[in-house]
Trainee: 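Before anything else, here's the structure in question.
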Amino acid sequence: MIHVENISKSFDGQVALQPISLTFRRAETSILIGPSGCGKSTLLKLLLGLIPADTGRIRFDDVELSDSSVQQIRQRTGYVIQEGGLFPHLTAKENIALLARSIGWTEAVISARIAEIAKITQMPVEKLASYPAQLSGGQRQRVSLMRALMLDPDVLLLDEPLGALDPLIRSELQADLKDIFESLGKTVVMVTHDLAEAAFFADEIVLLREGQIVQKGSFEELQQKPADPFVTKFFGAQIDRVAPLLSAPHGSSPRSFNGGGNS
Amino acid sequence: MNRISAATLTLLLFSAVGNVHAQEILIGSKSDTENVILGEIATQLFKSNGLQALHRSEIGGTRILWKALLSGDIDVYPEYTGTIIREILITELGDESGSGAARGELVDGSLAEIEAALARHGIGMTRPLGFNNTYVLGTRRDTAEEFDLRTITDLREHKELRYGFSNEFMARGDGWPALRDAYNLNPDNVRGINHDLAYRAIENGSIDVIDLYSTDAEIEYYDLIKLRDDRNHFPDYQAIFLYRINIEPGARELLETLESSISEPEMIRMNALAKLESVPESAIASQFLRKLGVVFETTPPETWIDRLFRNTLDHLFLVLVSLITAILIAIPLGIVAFRRPTAGRIILGVVGVIYTIPSLALLVFMIPLLGIGAGPAIVALFLYSLLPIVFNTHSGLITIPDELIESAHALGLDDHTRLWKIEFPMASRSILTGIRTAAVMNIGTATLGALIGAGGYGQPILTGIRLNNTVLILEGAVPAALLALAIQLALSVAERWIVPRGLRLNK
């Protein structure tokens, strides 16, 4: 689905991403994880052309990311960031409908689609007339997700979408998100620094460190066959928080976790 | 959109009014009382003989009037022969005949010479009106007695005396620099001051020596001593009218009927009526013309309500046209500055530099390009209004949080939608603040427009300063302040419509 070939990026001589290549497979959820400054958010922004790459190329199926294709690719990709990135001067509904209106959808089609995705994201419809400042943190993220889903994109890119939420709201939304990803069959790339979240969502985990891929694979592969001492160390630091999450399900089908407590 | 069409309407309306007056003779006058009275006399003389005439009074100093005459902004104005020889022909035209005349020849010869030099520029000159209004230096009687001053030469012994000269005198070819050289004067303290304020300053002892026009009524009123020009530095300043040679038929002959009709005591008396007894210049002029046998049904003098209404229209015209144009240009400039940082630095730099040009200087710079009146004033006000709007548009856009700009890009919105749906509304409050600053500043600065004949609330302020009339000054200052408040109020109401509700919520 998304093919990354030899992509690299530096900011003012500071290397953010070494040349890396990888593929995000269709209808799978890939998690980019690693400590701060490992290049995971940079990679996500490169995928959307929000910053230009120094080297390499990116393809969405057969379409290469370029100046001429970038707008089309963005419209076929949903993007959700930590604080939601909602426009404060527009109501929730206006935020969600913004792109559809600009490309000429009729109001009837827009309303029908909003009703549909409100149901999917479990967002109370009556709240959609509110401005972002009048919504709770969790509601804002649901609106942000609705905005990302509006045009029914093939791909969802999420940059720490739950990072700013308190734990209760967070676990509730985690479960809902996972349902949505699986039921809609989206190709999902999600950035997090939280191993528990990674374990909960991931078909594949890509562990990054200082702009390089340390290891990629399923949670079990990384945990049981670490490619590098850093992997063991990274897992060791967080594993206590992962175990309870995985053994106390909130949502649909939490992954079984065999081998907890080996740290 | 509504405001734009309103502006267009205003423009059309005013240009239509302008056309109605196309056949009028335009009489100009300088910003001193005598010149205004003479201008009024000429105007009423024309009207009483069935010609259309309009007096554009108090337009400025010699250079402004002369340029306006050359460019056809006015057709006639009162001038003095000495000023033509020493100031206009030398500094403005660089004319050989001027420098020849400046050496001082027979009066008859130089009048013909002056006429010939002026004719080459399409300008005619009437015969002398009958009085000489020369420059003199004056002091208070007690100062003259204390320092034993009788002639200008006597000043050389007293460097400590404080001089206050009219701003025009400070810079003129026949003014202070030449006088200083002719008498070898070297005082410690010389400053420029408005001529009408100089009388008040010398009366209260802030200055000791001022330049006087010999027909000023205040000389007697303040009991000032004229210091004799013992080296004959100042030439004759015979009052005459200058006119464009292509002036309406008959106008020239009418002006010539005024030859030798105004004696020096008569002129001093008329000046005294205006300045000391607050008789309107128009009434003084018609009284004078009646004595000459000119029968003329004078229109009743303008009431203060009429005047206020006219000044308000003039002022609003200056402010609205310059402000609306500035809004239409400055907002796009602010957007360009935001989207293209390199061009942005140049734009912000240039509007910043324009803003630092003193307003009086900018107004005068405009005269050679645009003549006198509303045109140059509007351009100057427009230029000043750019800075607050450009800066606030730019800063309103640049302070939109990065993640929102990024979100707009990530959504795949096109440029147009991003600008109109995201960037503009989010910057709207800041842009409005810029417009509000520009409007208030514009209303204040527009009062200076009266200095170059643009009218508005500055006109009564100028006249009030000239006639030492506080009520007249307030007639300009109070409505200007009220207008500024009204515009502020209107814009804060507009803010509720324009700034999106979501941005006005308290988080």
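The basis for the numbers below is simple: all heavy atoms, side chains too, and nothing from hydrogens, waters or symmetry mates.
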Trainee: Counting C-beta onward and ignoring hydrogens, is there a side-chain heavy-atom pair between B/P500 and A/L90 closer than 4.5 Å?
Mentor: no
Trainee: Please classify the contact of A/L99 with chain B as side chain, backbone, both or neither, using a heavy-atom distance under 4.5 Å.
Mentor: both
Trainee: Identify the two heavy atoms, one from A/G85 and one from B/S407, that lie closest to each other, and give their separation to 0.1 Å.
Mentor: O-OG, 3.4 Å
Trainee: What's the shortest heavy-atom distance between B/A410 and A/L50, and which atoms?
Mentor: N-CD2, 3.8 Å
Trainee: Do A/K45 and B/E406 come within less than 4.5 Å of each other through their side chains, counting heavy atoms only?
Mentor: yes
Trainee: Taking atom CG of A/D166 as the centre, does the number of heavy atoms from other residues, nucleotides or ligands within less than 6.0 Å exceed 12?
Mentor: yes
Trainee: So, do A/I103 and B/D414 sit near enough that their side-chain heavy atoms are less than 4.5 Å apart?
Mentor: no
Trainee: Quick check for you: to the nearest 0.5 Å, what is the distance between B/E423 atom CD and A/F87 atom CZ?
Mentor: 9.5 Å
Trainee: For chain B, find which of A/Q82, A/R147, A/M150 contributes the most heavy-atom pairs closer than 4.5 angstrom.
Mentor: A/R147
Trainee: Is there a side-chain contact between A/R74 and B/L413 in this structure, where contact means two heavy atoms from C-beta onward sitting under 4.5 Å apart?
Mentor: no
Trainee: Tell me if the CG atom of B/L369 is crowded by more than 12 foreign heavy atoms within 6.0 Å.
Mentor: yes
Trainee: Checking heavy atoms, do the side chain of A/L86, its backbone, both or neither come under 4.5 Å from chain B?
Mentor: backbone
Trainee: Counting only heavy atoms not in B/F365 (residues, nucleotides, ligands), do more than 12 fall under 6.0 Å from its CZ?
Mentor: no
Trainee: Does the pair B/K421/A/E94 count as a salt bridge with the N-to-O cut at 4.0 Å?
Mentor: no
Trainee: Decide if atom CZ of B/R340 counts as having more than 12 heavy atoms of other residues, nucleotides or ligands within a radius under 6.0 Å.
Mentor: no
Trainee: Taking the side chain as C-beta and beyond, is there a heavy-atom pair between A/S102 and B/H416 under 4.5 Å?
Mentor: no
Trainee: Could you pull out the closest heavy-atom pair between B/E403 and A/I81, with the gap in Å?
Mentor: CB-CD1, 3.7 Å
Trainee: Find the distance between NE2 (A/H89) and CZ (B/R504) and round it off to the nearest 0.5 Å.
Mentor: 13.0 Å
Trainee: Counting distance only, does the side-chain N/O of A/Q75 pair as donor-acceptor with the main-chain N or O of B/G412 below 3.5 Å?
Mentor: yes
